[in-house]
Structure formats: structure tokens, C-alpha cells
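A short write-up of the structure that comes next.
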2 protein chains.
Amino acid sequence: MSTDIDIRTRLLGTAEQLFDRHGFTATGMDRLTSGAGISSRTLYKHIGSKTRLVAAVLNERDRRFMRSLQVDSVDALFDALEGWFATEGARGCLFLRTWGETGGDVAEVTEAMARHKQRLLSRIGEIVAAEIGRHDDELAEQILILFEGATHATTYRGETAISAARRAAGLLIAGARA
Amino acid sequence: MSTDIDIRTRLLGTAEQLFDRHGFTATGMDRLTSGAGISSRTLYKHIGSKTRLVAAVLNERDRRFMRSLQVDSVDALFDALEGWFATEGARGCLFLRTWGETGGDVAEVTEAMARHKQRLLSRIGEIVAAEIGRHDDELAEQILILFEGATHATTYRGETAISAARRAAGLLIAGARA
DNA sequence: AAATATGTAAAATGATCGTTTTACATGCGC
DNA sequence: GCGCATGTAAAACGATCATTTTACATATTT
């Protein structure tokens, strides 16, 4: 049924935008239904609950975000982040924000956040290994922190945050290569 | 009136804890009143509205947080952050979380967040200047990003995030000194 | 002793929350 | 053409939201 896919896709897209722009708790089901152009009955048939919806949104966002991070250098990693912010806006990390809003006591949100961050760290680990020719967990964690810091600092510092993070990462990589 | 100060202090303390642990939107006024042990009438006489309350909480937290950051080396800066997390818990930055929850359209929250981040950056600028003997805006921004990154990555990586941030900061400082 | 300030307890306000239900329309497979 | 799946519109659910109000108690001030 092609309508299923259409409805679900439209719903997840609408929900991702609303949750990102106004927060999870502050976004009511009526705004989600009218935003997606569906009735509340249809919403609940498709997704079950608000918790299931936000979990689906986060897992879909993880896929999309990770796809945008298929790069092979730390420089390109921060380029990719800059590109993401240019098209999606910079409001911090939706995973951490949603996890914070739910106080950490919604299992599906906690798990989606943990999975996403685990994937992000191992992706960074691969990129670091490709750059310096060996695995370096400490360096990977440092780049992760620059990435996380740029993600959040960009909300109030703008593009300069990413530039600074990229240059700092370059220095750390250069130091590890020598 | 000593009761005024007591009530306001107790209310702000309770509110800070509840907002931090469960989020701003998800925390209802009844939990705030029963947590602070006051009636809703007294709460509104003292603080006016939920918006005014969260603004007061953020401004008070800024004072307390900045007081804990009175250090004179980058190493001690990350020690201070580690100490803060040890006693207060690590759930990311309350200013950014609250700003995100309110979608950026509550002026008092946006302003409190902006003021706090401005103060944080200039404090880091001073510490960097004390370390290398001159002002270096680029280096200060890089340390800010490590600080921001450690703040958020600690929520899912634990103490290792702060250690990695501290070592990365040390390398950048050493590089700037040479 | 009267007046003022400051508190509590509890009900009422009207709106909105997430979710379910009732009633009805439409299109597709058998 | 009957039945089933899938949709809409709209009402109802009971709970909870932030805020105000009503009624009353208790100190301190004058």
C-alpha cells in the first residue's frame, strides 16, 4: 500500500520538524495531525503513541544524519556538519534534547540516543584511523567532543564555532601523525 | 522579611532541580509548589509566572556556575567542570536545553542563555590569556568548544569525556605557547 | 485593638494534553 | 456487489496545564 508509506513518511517528516523547532513536550498531537494532514485516528493506527512516534523520528534521523557523515577525513567531517546545519538549522542535538526533555525515563528515547551516539563515535573512530593509519581511541574521543561542542556552540556562536572546531581537530590530527 | 528570602530561595532551588531533571515543559506548577512546600498563591505572589520563574532560575544558576569556574588554568577549568558534574549531575547544559524546549521564542530564556554563554566565553578568554601570556580569540573559541562538547558528551560517555577534553585542551595550549 | 502583610488550603478558570470512540465515506479484492 | 481495509471528521475521554480567586489563619506593625 503506497499510501501507508506516504502517510508514515509525511508524518515522520512533520514530526521531526516540529519536535526540532518547538521541542517534544511542547508539540501537541493536534499540531502533528494538522501538520501531516491526517486525522488523529490515522496517526494512532500508524504509529501507536507519541512515544513510538518520537522513537521512530529519532531512528530515522539517525539514518539520515549518518548518511550525511560518509566522509573520509576529519576536515570533511566538519564540512558535513556545516552543510547539515546550513540546510537543517542549528538547534543542538535532537537526541540529547529529547532525552533531556523526557528526563531519561522513556526507554525508547534513551536507547535511540545511546545507539546514535555509539554509531557517531565509531564512525569518527574509522575516520581517525583512515587519517593517521592506526586506531586511536583517545584521539577519536577528542574529535567526538569537538564535534559535540561544535554542534551545540553553533546555536549561539554561528559558523565560527565549526571553523574553530575544524582547525582544532586538524591540529590534534597533525600532532598524532608526527 | 526573612520569609521572603527563604521562600524565594527554596522555590528557585526546587525549580532548578525539577527543570534540570525533568525538563521545563514537563514540570507542572503543582510539582513546583509541593516541592517547595508553598501554596500556588504564594508562588505567583513571589515570582509572577512560570516564565519569570525559569528566567530567575537560569540567572541564579549562571551566578553559581560562574562562581565555580573561578580558576586560572585550562586544566583547572576542566577540573571545575568535573567537580560540578560530580555534585550536580551531568545532563547537558540547562541553558541550551531550556532554550531548545521553548523554541527560542521566550525572550527571557533566550536572553539568559545568551548572557550566560557570553560570560562563559569571556571567562575562558581570560584563562587562556593568563596561560599563554596574550589574548587569542581563536584558541579561546576552541577551548569553549571543548568545554561545550565535554558538557554534553559527559551525559553519555561519562568522565572519560572530560579527561579527553582536558588533554585536548592541554595540547592546543602547548601548541599556542611554542 | 485595629490594620496590614503574608501565608495556606482548595476550588474554579478555561485551555490543552494524549488517546479512544463513534459515525461515515471511499476504493479495492474476491 | 459484498466485505474489508483505510481513510476523514468530530466528539468524548479523563487528566493535567498555568493561573486566579475565594475564604480563612496568623503574625507583625501601628
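Because only heavy atoms are used, hydrogens play no part in the values below, and waters and symmetry mates are left out as well, while side chains stay in.
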Note to self: Using a 4.0 Å heavy-atom cut-off, does B:Thr27 contact any base of the nucleic acid, only the sugar-phosphate backbone, or nothing at all?
What the structure shows: sugar-phosphate
Check: So how far off straight is the helix from C:dT19-D:dA12 to C:dC30-D:dG1, going by the axes through five pairs at either end, to 10°?
Finding: 10°
Check: What does B:Gly48 touch in the nucleic acid at a heavy-atom separation under 4.0 angstrom: a base, only the sugar-phosphate, or nothing?
Finding: nothing
Next item on the list: Starting at atom CD1 of B:Ile47, determine the distance to atom C1' of D:dT20, rounded to an integer number of angstrom.
Entry: 17 Å
Checklist line | side-chain hydrogen bond (donor to acceptor under 3.5 Å, both in side chains) evaluation trace for A:Glu108 with A:Thr51 | finding: CA-CA 8 Å; A:Glu108 285 133 308; A:Thr51 294; 5.2 Å; no
Next item on the list: Between A:Thr51 and B:Ile38, name the one whose nearest nucleotide on DNA chain C is closer to the 5' end.
Entry: B:Ile38
Note to self: Are there over 12 heavy-atom neighbours, none belonging to A:Asp30, within less than 6.0 Å of that residue's CG?
What the structure shows: yes
Next item on the list: Using whole Å, report how far CD1 of B:Ile7 lies from P of C:dA5.
Entry: 16 Å
Notebook entry, point to check: How is A:Ser40 classified with respect to the nucleic acid when contacts are heavy atoms under 4.0 Å: base, sugar-phosphate, or nothing?
Noted result: base
Note to self: I want to verify a distance call: between D:dG7, C:dG18, D:dT19, whose nearest atom is closest to the B:Met29 side chain?
What the structure shows: D:dT19
Checklist line | Value in whole Å for how far the C1' atom of C:dT6 lies from CZ of B:Arg10 | finding: 13 Å
Notebook entry, point to check: Which pairs count as salt bridge (Lys or Arg N to Asp or Glu O under 4.0 Å) when at least one residue sits in residues 50-59 of chain A, sequence neighbours excluded?
Noted result: none
Check: Is the shortest side-chain N to carboxylate O distance from B:Arg119 to B:Asp62 below 4.0 Å?
Finding: yes
Next item on the list: Indicate whether OP1 or OP2 belonging to D:dT6 is found under 4.0 Å from a side-chain N or O atom of A:His46.
Entry: no
Item checked: Pairwise 5' ranking along DNA chain C for A:Arg41 and A:Ala26, keeping only the more 5' one -> A:Ala26
Check: Roughly how many Å is it from CG in B:Leu32 to C1' in D:dA18, rounded to a whole number?
Finding: 11 Å
Check: Taking the inter-plane angle between the rings of A:Phe65 and A:Trp84 on a 0 to 90° scale, is it parallel (under 30°), tilted (30 to 60°) or perpendicular (over 60°)?
Finding: perpendicular
Checklist line | ring-ring contact (aromatic ring centres under 6.0 Å, His included) partners of residues 152-178 of chain B, not counting sequence neighbours, each pair once | finding: A:His152-B:His152
Check: Whole-Å distance between C:dT21 P and A:Lys45 NZ?
Finding: 10 Å
Checklist line | Spacing of B:Lys50 atom NZ relative to C:dA15 atom P, expressed in whole Å | finding: 19 Å
Note to self: Less than 4.0 angstrom from a charged side-chain N to a carboxylate O is my criterion; do A:Arg64 and A:Glu88 meet it?
What the structure shows: yes
Margin query: From the set D:dT19, D:dT8, C:dT20, return the single nucleotide nearest to any side-chain atom of A:Ser39.
Written below: D:dT8
Note to self: Rounding to an integer number of Å, can you tell me how far A:His22 NE2 sits from C:dC17 P?
What the structure shows: 13 Å
Next item on the list: Measure the distance from CG on A:Asp30 to C1' on D:dA10 and round it to the nearest whole Å.
Entry: 14 Å
